[in-house]
Structures are given as structure tokens and as C-alpha cells.
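Presented below is the structure to which this report refers.
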There are 2 protein chains.
Amino acid sequence: MSNRRDAVHDILRHSDGFRSAQDIYAEMRSDGAKIGLTTVYRALQALADNGKVDVLRTDDGEAVYRACASGDHHHHLVCRRCGRTVEVAGPAVERWAETIGRENGFSDITHTVEVFGTCSSCVAALRAG
Amino acid sequence: MSNRRDAVHDILRHSDGFRSAQDIYAEMRSDGAKIGLTTVYRALQALADNGKVDVLRTDDGEAVYRACASGDHHHHLVCRRCGRTVEVAGPAVERWAETIGRENGFSDITHTVEVFGTCSSCVAALRAG
DNA sequence: GGACAAAATGAAAACCGTTGTCAAAATCGG
DNA sequence: CCGATTTTGACAACGGTTTTCATTTTGTCC
């Protein structure tokens with residue numbers, strides 16, 4: 001229904017890693033799009049609610065978004081330098097979380113797992129740099 | 001050296017789960033302590049820098065702190081209702097993260113893992129309603 | 001003790017990402 | 001077309017955190 005929402009979604013689909021709302025807004029504006037920051041936030045919220053994009057928080061509390069290929073439960077391997085992100089599955093981790101929870105008498109167990117590293121191109125760039 | 005820093009550290013050591021800066025500040029004030037919010041923030045920052053407390057971000061971006069028993073690398077099983085937290089080790093997860101990273105050509109691998117659930121007392125409380 | 005330098009403190013302002021407000025504009029239904 | 005509903009976006013408000021800066025406390029050397 002919403003043209004703007006799709007535009008925001010498009011930006012994310014063409015992006016490799018996680019992007020912030022302000023970041024997306026800046027790109028759209030510099031591309032000549034007429035959109036307000038509020039609308040970007042609303043679009044991202046809606047997309048996140050519908051499970052169309054994944055959200056996570058950076059260390060400094062900023063929310064960042066990514067359109068993930070898989071709708072299923074998965075985790076991320078994120079390059080801490082360029083932001084490039086790979087979706088990874090971890091059945092072993094899922095089981096581990098479940099077990100740890102039960103062993104301690106917890107129910108309704110969920111978990112967050114993110115892996116960070118420096119990707120090979122960034123290692124090369126750093127070596128050259 | 002700093003009396004205030006120790007006071008903040010004490011609050012955390014007597015707390016079960018993760019606490020926010022404002023939360024700690026409120027408790028100290030209601031206990032009659034003469035301390036400013038700024039100082040609480042500075043104390044927490046210093047404690048985090050020295051590895052005396054663990055920090056993580058809530059879903060809404062607030063920073064929360066906890067004085068952990070173990071200085072070694074560990075993760076947390078947190079009750080999403082009462083905040084009670086258990087420190088858990090996960091050698092399998094450490095290895096998994098490392099492997100996933102290497103397989104994708106990433107180096108310098110780190111990770112964040114948190115497990116959430118509802119603890120047994122909270123399940124009981126909810127049942128009693 | 002006293003004096004001076006360095007560090008710690010806290011009230012208030014600044015910051016920054018995010019959310020709410022509300023009137024104007026676009027879209028929908030009939 | 002016309003009124004009703006939804007979407008939009010400029011702007012203000014919000015809340016957690018950080019900075020500023022003047023004051024107080026602490027440490028040190030005599």
C-alpha cells in the first residue's frame with residue numbers, strides 16, 4: 001500500500017549490512033527522494049513489526065535495521081568495520097540456550113546471539129592502508 | 001579511591017539482576033545518599049571500563065549494569081519479568097562463534113549472547129495471578 | 001596544620017536518537 | 001467529484017546520556 005514504506009524497504013534490500021534510520025533517511029534525501037525522517041521511522045517500525053526486517057541495537061544504543069533473506073530464525077555475523085553481514089544458522093546454539101534455560105528452571109526461553117569480526121576484505125584493506 | 005564509586009558498586013553487588021543508571025540513582029537518593037546523577041553515570045562508566053561490571057542494552061536502548069561474580073567471559077540467563085540473572089558459561093557457543101567466523105573469512109571474532117526466560121518463581125507468581 | 005595542585009562532584013545545559021502532535025496532502029469508496 | 005480515512009512531514013517534545021564548568025573534596029608536600 002505505502003509507496004514510502006516500499007522505498008525504505010528497497011534501500012534495505014540493496015544494503016549489505018545493518019543501517020540506522022538516520023542513515024537511510026540521509027541516503028534517500030541525497031537521492032532526491034522527498035521523505036521525512038518521521039516517515040522513515042514509521043516505515044522501519046512497521047517493517048520490523050511484520051518481521052520484514054531485523055532490528056538490533058548498536059553498543060551506543062542506536063537501532064539498526066536489515067532486510068534479511070531468511071524469514072526463519074537466524075543470527076548474524078557482522079563485520080565491525082564495513083558492516084557487511086552474513087546470516088548464519090546455529091542449531092547447536094538454539095539447543096544450548098534451551099537447555100541452559102531449563103536447567104535453571106526458566107521457561108519461555110528466547111535468546112539473542114550476534115557474532116562480530118573483521119571480514120577478509122577489511123583485513124586486506126587494513127593491511128594495505 | 002572514590003567513595004561514590006564504591007557506593008555505586010555496592011548497590012550493584014547487592015542486586016540480583018541488571019539495573020539502569022537512573023534506577024540506581026533513585027535507590028541511592030531514597031536511601032538518603034547525597035549523590036548526583038552525573039556521578040552515578042561516571043561511576044558506572046569507570047566500573048565498566050575496568051571490567052568490574054557487565055553492561056548490556058535493553059530492547060529500548062537503555063544501558064543496564066550488573067556486578068558479575070565471575071571476571072571471566074560468561075553470558076547471562078535473565079528473567080524477563082523480575083530481572084533475576086544467572087551467569088552461565090557456554091564453551092560450545094564460544095567454539096561455534098569462532099568456527100562460524102573463520103568459515104566466512106572473518107577474523108578477530110567476538111560475540112554477544114544473552115538468554116531470556118521466565119524464572120520459576122515468576123511462573124508461580126503468574127499462575128497465582 | 002597550612003597551602004597548593006589535582007581529582008571528583010553535581011546542577012544545569014547540551015546532545016541525539018526517537019516518538020508524539022497536528023495540520024496539510026494524498027488516497028480510497030461510493 | 002465529495003466526503004471519510006489514511007499517510008505524510010515539519011516541528012516540538014521526550015528520555016537517556018554526556019558535556020560543561022564552577023565548586024568541593026582529596027592528596028601531597030612543606
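Note that this is a predicted model, so its numbers are computed, not measured. Chain letters run A, B, ... following the sequence lines, proteins first and then strands; every chain starts at 1.
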Regarding C:dG10, can its base be found pairing with the side chain of B:Arg42 as donor and acceptor, where the two atoms are less than 3.5 Å apart? yes
Is the phosphate of D:dT18, meaning OP1 or OP2, less than 4.0 Å from a side-chain N or O of B:Gln45? yes
C:dG17, D:dT17, C:dT9: which one has an atom nearest the side-chain heavy atoms of B:Ala63? D:dT17
In whole angstroms, how far is the P atom of C:dG10 from the CG atom of B:Leu37? 10 Å
It should be established whether B:Arg4 places a side-chain nitrogen or oxygen under 4.0 Å from OP1 or OP2 of nucleotide C:dG10. yes
Would you call the rings of A:His111 and A:His75 parallel, tilted or perpendicular, taking 30° and 60° as the class edges? tilted
Quick note, A:Thr38 side chain, CB onward, closest among D:dC11, D:dT8, C:dA12 is D:dC11
B:Lys34 vs A:Val64, nearer the 5' end of DNA chain C by closest nucleotide: B:Lys34
Whole-Å gap separating P (C:dT9) and CG (B:Asp6): 10 Å
If you check the A:Tyr41 side chain, which of D:dT18, C:dG17, C:dG10 turns out closest? C:dG17
What is the distance, rounded to the nearest whole Å, between atom OH of B:Tyr65 and atom C1' of D:dT17? 8 Å
Phosphate oxygens OP1/OP2 of D:dT8: is one of them under 4.0 Å from a side-chain N or O of A:Thr39? no
In whole angstrom, give the distance that lies between atom CE of B:Met28 and atom C1' of C:dT9. 13 Å
Step through the shown structure and confirm whether more than 12 heavy atoms of other residues, nucleotides or ligands are within 6.0 Å of CG on A:Asp59. no
Does one side chain, of A:Asp60 or A:Thr58, offer a donor that lies under 3.5 Å from an acceptor on the other? yes
Test your reading of the model: is there a side-chain donor-acceptor pair from B:Arg4 to the backbone of B:Val40, 3.5 Å cut-off? no
Atom-pair distance (CG on B:Leu44; P on C:dA8), nearest Å: 16 Å
Distance-only donor-acceptor check, side chains A:Arg80 and A:Thr118, under 3.5 Å: yes
Can you find a donor-acceptor N/O pair under 3.5 angstrom joining the side chain of B:Ser20 to the base of D:dG16? no
Measure the distance from CD1 on B:Ile35 to C1' on C:dA11 and round it to the nearest whole Å. 14 Å
d(CG, B:Asp23; P, D:dG15) in whole Å: 16 Å
B:Asp60 CG - C:dT18 C1' separation (whole Å): 11 Å
